Amino acid sequence: MRAGKLLKVNPRTLAQQLVDTDVLEDVSSNVAIAGPGFINVSLDNDFLSSSLGSEPLVAPTNKPLRIVVDYSSPNVAKQMHVGHLRSTVIGDSISRMLTLAGHTVVRQNHIGDWGTAFGKIVAYIDDLKSDQEINSGLEDLEQLYIAASQRFDRDSSFASKAREAVLKLQSHDPRTMDIWQKFIDVSLRHLEDIYGKLDILLTPADIKGESSFNDDLPAVIERLETNGLLVESDGAQCVFINGFVRKDGSRLPMIVQKSDGGYLYHTTDLATLLYRTRELEADQVLYFTDARQILHFQMLFAVAKKAKFAEEATELEHHAFGSILNANGEPLKTRSGENPRLSDLIEQAEIHARNVVEEKSQHLDVEQRSEIAHHVAIGAIKYADLSKNRTSDYKFDLNTMMSLEGNTSPYLQYAHARISAIFARGGINGEEIELDRIRVKHPAEHDLAVRLLRFQEVLEQSITERKAHHMCNYLYDLTVHFTRFYEKCPVLNTESKERDSRLGLCARTAENLRVGLGCLGISVPKRM
RNA sequence: GCGCCCGUAGCUCAACUGGAUAGAGCAUCGGCCUUCUAAGCCGGCGGUUAAAGGUUCGAGUCCUUUCGGGCGUGCCA
């Protein structure tokens, strides 16, 4: 109908003309025109069978790009908390999908490891007497930061020491840098621990934090100066860009250097962008941060293009999302009003999952149950986030995501476990099943086969829109149809040709689930 | 004040970017385990898509206004 509009032809007439040609002959013998010009195509079972036997799950892109994906990027003054979850989970999933499609992904973890907060921390650690105390003091980042902040507030001599420490950091004073490095090392171990538990791909090699760009900041100012973009206003160095105005006509500034000479995150982000386009040679740079930074990125991209921090052809995208709320729609906080730690959230989810597994999977031993609980918990947390399209806030409710019914990760994982169980019972190696023996016959097989062939299309849509929820919805739909097939079509207890065909459908479903959930960073247990 | 995002079943969310009778899950009510895992399957109930107007063959989707919520709006990130 869109074609009809474009060609200014009656859509029904156009549909008829299309049907009259034989382009659909190999695909369907049952084509009908309906309504204002829809073409209903019922795919033939023969077409489905041969496609499943010959088409790969994923065909790599014919236009591979170098794509920088900026995600997670926590401030490491404190432990990772709930505010870091979405960026981490969403960014990781998108980068997995891009890789699967054949792009070169350069993950970048732009951690907050520089600035005033670290002055406090360094000064505080500096006050701890021995190295022994330093090491023990570093064990809990959270407490260290809180202690440093409290002391900063009530001890004025400590406060001035902290401010000195900031200056010493900026001038790379060896003793100060040494303490700072110790703290960063502990922070990075903490990050690795969390990423390990959550099965996030980020490694130490992907970390390129704010501190790495500290020395490049004066050059950023210079570059803006030579481009004639730098304007002093109330003592601060600013860039004013067309289009960013207030109601009264006054222009919104992007402040790149404070009146006291200090730099801001705009400045750091410009330096970072230069690195990503020049050194990393990015065709695209994708940022995954919460929605509060929308204006920042709009200005950043505008200035970057104008002052050539990024080439005109480099695609810069900010993908925003809302914050995480509790079941009552309020910001998720602990009883004491803090952001819940990620490690606590994960632990809660695992306890919740373990209780369910204890009840449902008594046929498995303790070790297996514990491992399954882990995969279920992590899957549930990630899936609850990824399956929603919302750019606004979303509710984090363990009871909902762990209900293990309906559109949740455990439902999908369970379907995969059932397929594995069929293979195990039949003494069959699932990886050796030949898909060219698939002969689609039963209506339930037909419906399943149609879904099995859609994987590529869904992957492309998810990548184009940078939205994982299309993949989630697809996998759920696939699983619903697999389960119907499972109910209606015995696999092992049927005659041999049909058995081979149905084993093929099972094997292909298992692959779609494994690879699809893999795109989401969710693993598939063989047993549940 | 101004800007951005959002408002779909009691609740949590979809709807292929303007297409058919707006779909799922949860909750609720009823049915299905002597056959591969019942963490399952089948069915019922549930809607003036916040409201009003407009654009056209056609609007949850686009435009205007109103109401309601979230976030941002010069030296934090």
Side-chain angles (χ1 to χ4, degrees), chain A residues 1-2 5 10-11 34-38 40 73 75 112 115-117 210 233-238 244-248 250-260 262-266 268-269 289-296 298 320-323 325 327 329 331 356-357 359-361 363 372 376 384 387-395 397 399-408 410-415 417-426 454 457-458 461 465 469-470 472-474 476-477 479-480 483-484 486-494 499 502-503 506 527-528:
Chain A
M1 279 179 295
R2 193 171 307 161
K5 199 167 210 167
N10 182 319
F38 296 100
N40 290 332
S73 306
N75 186 317
T116 47
E210 289 173 357
S233 171
D234 291 342
Q237 299 298 326
C238 304
F244 295 93
V245 288
R246 300 191 192 85
K247 173 69 186 304
D248 60 10
S250 66
R251 295 195 292 172
L252 222 50
M254 181 168 116
I255 300 177
V256 290
Q257 191 169 21
K258 298 193 281 185
S259 46
D260 69 1
Y263 303 102
L264 291 119
Y265 69 133
H266 297 115
T268 313
D269 278 358
T289 82
D290 67 82
R292 286 175 298 192
Q293 299 191 36
I294 286 176
L295 183 60
H296 162 63
Q298 285 176 345
F321 42 80
S323 39
L325 309 177
V356 180
V357 174
E359 182 195 337
K360 302 281 185 185
S361 300
H363 55 291
I372 289 160
V376 165
S387 61
K388 289 172 187 61
N389 179 28
R390 293 319 166 108
T391 51
S392 48
D393 302 339
Y394 106 96
K395 290 183 183 173
D397 183 2
N399 287 321
T400 304
M401 68 178 76
M402 291 281 187
S403 76
L404 312 192
E405 285 167 5
N407 190 4
T408 62
Y411 175 79
L412 308 185
Q413 291 171 316
Y414 179 62
R418 288 170 109 180
I419 297 173
S420 299
I422 292 176
F423 295 158
R425 185 168 288 259
R454 285 198 57 217
E457 172 195 347
V458 174
Q461 192 191 359
E465 297 183 22
H469 82 286
H470 288 117
C472 295
N473 289 346
Y474 162 75
Y476 178 65
D477 183 53
T479 303
V480 165
T483 318
R484 286 178 189 165
Y486 180 91
E487 297 278 333
K488 286 174 184 153
C489 303
V491 176
L492 296 175
N493 305 321
T494 186
R499 185 174 185 267
R502 289 179 175 173
L503 280 170
C506 287
R527 308 175 67 179
M528 275 178 81

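These numbers were taken from a predicted model, which means no experiment stands behind them. The sequence lines fix the lettering, A, B, ..., with proteins before strands; numbering per chain opens at 1.
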| task | Please work out if A:Asp290 contacts a base, only the sugar-phosphate, or nothing of the nucleic acid, heavy-atom cut-off 4.0 Å. | result | nothing
| Under a 90° cut-off about 0 for the syn range, is B:C11 syn or anti? | anti
Detail all sub-3.5 Å separations between protein N/O atoms and N/O atoms belonging to nucleotides 56-63 of chain B.
{"from": "B:G58", "atom 1": "O6", "to": "A:Lys5", "atom 2": "NZ", "distance (Å)": "2.4"}

Where do N or O atoms of nucleotides 67-73 of chain B meet protein N or O atoms at under 3.5 Å, pair by pair?
{"from": "B:G70", "atom 1": "O2'", "to": "A:Asp393", "atom 2": "OD2", "distance (Å)": "3.4"}

| task | Remember a base hit wins even if backbone is also touched, and classify A:Cys238 as base, sugar-phosphate or nothing at under 4.0 Å, heavy atoms. | result | base
| message | For the C1' atoms, the ones on B:G47 and on B:C11, what distance do you get once it is rounded to whole angstrom? | response | 15 Å
| Which residues pass the salt bridge (Lys or Arg N to Asp or Glu O under 4.0 Å) test with A:Arg454, sequence neighbours left out? | A:Glu457
| request: Between B:A24 and B:C71, how far apart are the C1' atoms? Round to whole Å, please. | output: 30 Å
| Is there a side-chain contact (heavy atoms from CB on, under 4.5 Å) between A:Leu492 and A:Ile422 once you walk through the steps? | CA-CA 7 Å; A:Leu492 296 175; A:Ile422 292 176; 3.9 Å; yes
| request: Look at the side chain of A:Glu465 and decide which nucleotide, out of B:U17, B:A77, B:U37, has an atom nearest to it. | output: B:U17
| field | B:A20 and B:U49, which share atom name P, separated by this distance in whole Å | value | 15 Å
| Any idea which of B:U12, B:U37, B:C75 is nearest the A:His363 side chain? | B:U37
| Can you check side-chain contact (heavy atoms from CB on, under 4.5 Å) on A:Val491 and A:Cys506, steps first, answer last? | CA-CA 9 Å; A:Val491 176; A:Cys506 287; 3.9 Å; yes
| Side chain of A:Gln461 (C-beta onward), nearest among B:C6, B:C16, B:C4 | B:C16
| What interatomic distance, in whole Å, is found between C1' of B:U12 and the corresponding atom of B:C6? | 16 Å
| Where the side chain of A:Thr494 meets the backbone of A:Pro490, is there a donor-acceptor pair that is under 3.5 Å apart? | no
| C1' gap between B:U21 and B:G69, integer Å | 32 Å
| message | Taking only side-chain N and O atoms of A:His266, does any of them lie within less than 4.0 angstrom of OP1 or OP2 on B:G74? | response | no
| request: Answer with base, sugar-phosphate or nothing: what part of the nucleic acid does A:Ser259 contact at a heavy-atom distance below 4.0 Å? | output: base
Extract from the structure each pairing of a protein N or O with an N or O of nucleotides 7-11 of chain B at less than 3.5 Å, listing the distance.
{"from": "B:U8", "atom 1": "O4", "to": "A:Arg390", "atom 2": "NH2", "distance (Å)": "3.2"}

| request: Find the distance between OH (A:Tyr411) and CG (A:Asn407) and round it off to the nearest 0.5 Å. | output: 9.0 Å
| query | If anything within 90° of 0 is syn and all else is anti, what is B:U65? | reply | anti
| query | Looking at the side chain of A:Leu264, which of B:A77, B:A39, B:A14 is the nearest nucleotide? | reply | B:A77
| query | Do the numbers put A:Arg390 on top of the ring of A:Phe321, so that NZ or CZ is under 6.0 Å from the six-membered ring centre and no more than 45° off the axis? | reply | no
| message | With a 3.5 Å cut-off and heavy atoms only, can you find an N or O donor on one side and an acceptor on the other between the side chain of A:Asp477 and the base of B:A14? | response | no
| task | Using the closest heavy atom to pick a nucleotide of RNA chain B for each, name whichever of A:Val480 or A:Gln298 lands nearer the 5' end. | result | A:Gln298
| said: Using the C1' atom as the point on both nucleotides, what is the distance between B:U37 and B:A50, in whole Å? | reply: 45 Å
| Contact class for A:His469 vs. all strands (heavy atom < 4.0 Å): base, sugar-phosphate, or nothing? | sugar-phosphate
| request: Pick base, sugar-phosphate or nothing for A:Arg484, based on heavy-atom distances below 4.0 Å to the nucleic acid. | output: sugar-phosphate
| task | Find out whether A:Val376 and A:Gln413 are in side-chain contact, i.e. whether some heavy atom of one side chain is under 4.5 Å from a heavy atom of the other. | result | yes
| Where the side chain of A:Ala417 is concerned, which of B:U12, B:C42, B:U37 is the nearest nucleotide? | B:U37
| message | Can you tell me if A:Tyr411 touches the phosphate of B:U37, counting only side-chain N or O atoms and a distance under 4.0 Å to OP1 or OP2? | response | no
| message | Set out, in order, the CA-CA distance, both residues' side-chain angles and the distance that settles side chain to side chain donor-acceptor pair (under 3.5 Å) for A:Asp269 and A:His296, then state yes or no. | response | CA-CA 10 Å; A:Asp269 278 358; A:His296 162 63; 2.6 Å; yes
| query | Which whole number of Å gives the distance between the C1' atom of B:A39 and that of B:U56? | reply | 49 Å
| query | Between B:A27 and B:A51, how far is it from one C1' atom to the other, in whole Å? | reply | 29 Å
Expected rows: protein N/O vs nucleotides 32-36 of chain B N/O, under 3.5 Å:
{"from": "B:U35", "atom 1": "O2'", "to": "A:Asn493", "atom 2": "ND2", "distance (Å)": "3.2"}
{"from": "B:C36", "atom 1": "O3'", "to": "A:Arg425", "atom 2": "NE", "distance (Å)": "3.1"}
{"from": "B:C36", "atom 1": "O2", "to": "A:Val491", "atom 2": "N", "distance (Å)": "3.4"}
{"from": "B:C36", "atom 1": "O2", "to": "A:Leu492", "atom 2": "N", "distance (Å)": "3.2"}
{"from": "B:C36", "atom 1": "N3", "to": "A:Val491", "atom 2": "N", "distance (Å)": "3.0"}
{"from": "B:C36", "atom 1": "N4", "to": "A:Tyr486", "atom 2": "O", "distance (Å)": "2.5"}
{"from": "B:C36", "atom 1": "N4", "to": "A:Cys489", "atom 2": "O", "distance (Å)": "3.0"}

| task | Starting from Watson-Crick (N1-N3 plus N6-O4 or O6-N4) and G-U wobble pairs under 3.5 Å, report the runs of at least three that RNA chain B belongs to. | result | B:1-7 with B:67-73, B:10-13 with B:23-26, B:28-32 with B:40-44, B:50-54 with B:62-66
| said: Heavy atoms only, 4.0 Å cut-off, all strands: where does A:Asp269 land among base, sugar-phosphate and nothing? | reply: nothing
| query | NA contact type, A:Ser233, heavy-atom cut-off 4.0 Å: base, sugar-phosphate, or nothing? | reply | base
| message | Side chain of A:Ser361 only, heavy atoms from C-beta on: which candidate in B:A39, B:U37, B:G40 is closest? | response | B:A39
